[in-house]
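Residue numbers run from 1 in the order of the sequence given.
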Amino acid sequence: MDQLEAVVQAVLTGRHGDYVVTRSGQVVGSITFSLDSGVWQGSERPKSGEVVMLSDIRPKRAGWRAHKARYVQLSDRITSSSTAAIQQQSSS
């Protein structure tokens, strides 16, 4: 799994700084990521309900951690839809 779309559930402050809790229908449990500039690639903080793209996802004791995160872009959706359409046509 190279990249994964997830929905922001909460933006929290922890002892290691601000972080985001997300959920995705493709993974059981939550996926968190830091708002540190080395991880979060957006210019604004994400808000609850927004969709983000996560990558470099690794298992942790209490769920999953993404080491790269950004907002979903239109090109992500077009690429995903185009790829799905091509795969569907190939299997027909």
Under 4.5 Å between side-chain heavy atoms, counting indirect links through other Ile/Leu/Val/Met/Phe/Trp/Tyr residues: same cluster for [X] and [Y] or not?
X: V51; Y: V21; answer: no
X: V52; Y: V39; answer: yes
X: L54; Y: V11; answer: yes
X: V7; Y: V72; answer: yes

Is any side-chain heavy atom of [X] less than 4.5 Å from a side-chain heavy atom of [Y]?
X: R65; Y: T32; value: yes
X: R77; Y: E5; value: yes
X: D18; Y: R45; value: yes
X: D76; Y: R70; value: yes
X: W64; Y: S24; value: no

Backbone N/O of A10 and side chain of K47: donor-acceptor pair under 3.5 Å: no
G38 to K68 - nearest heavy-atom pair and separation: O-NZ, 3.1 Å
Closest heavy-atom pair and its distance - S55, Q3: CB-CG, 4.1 Å
W40-Y71 aromatic ring centre distance below 6.0 Å: yes
T22 side, atom OG1; E50 side, atom CD - distance, nearest 0.5 Å: 12.5 Å
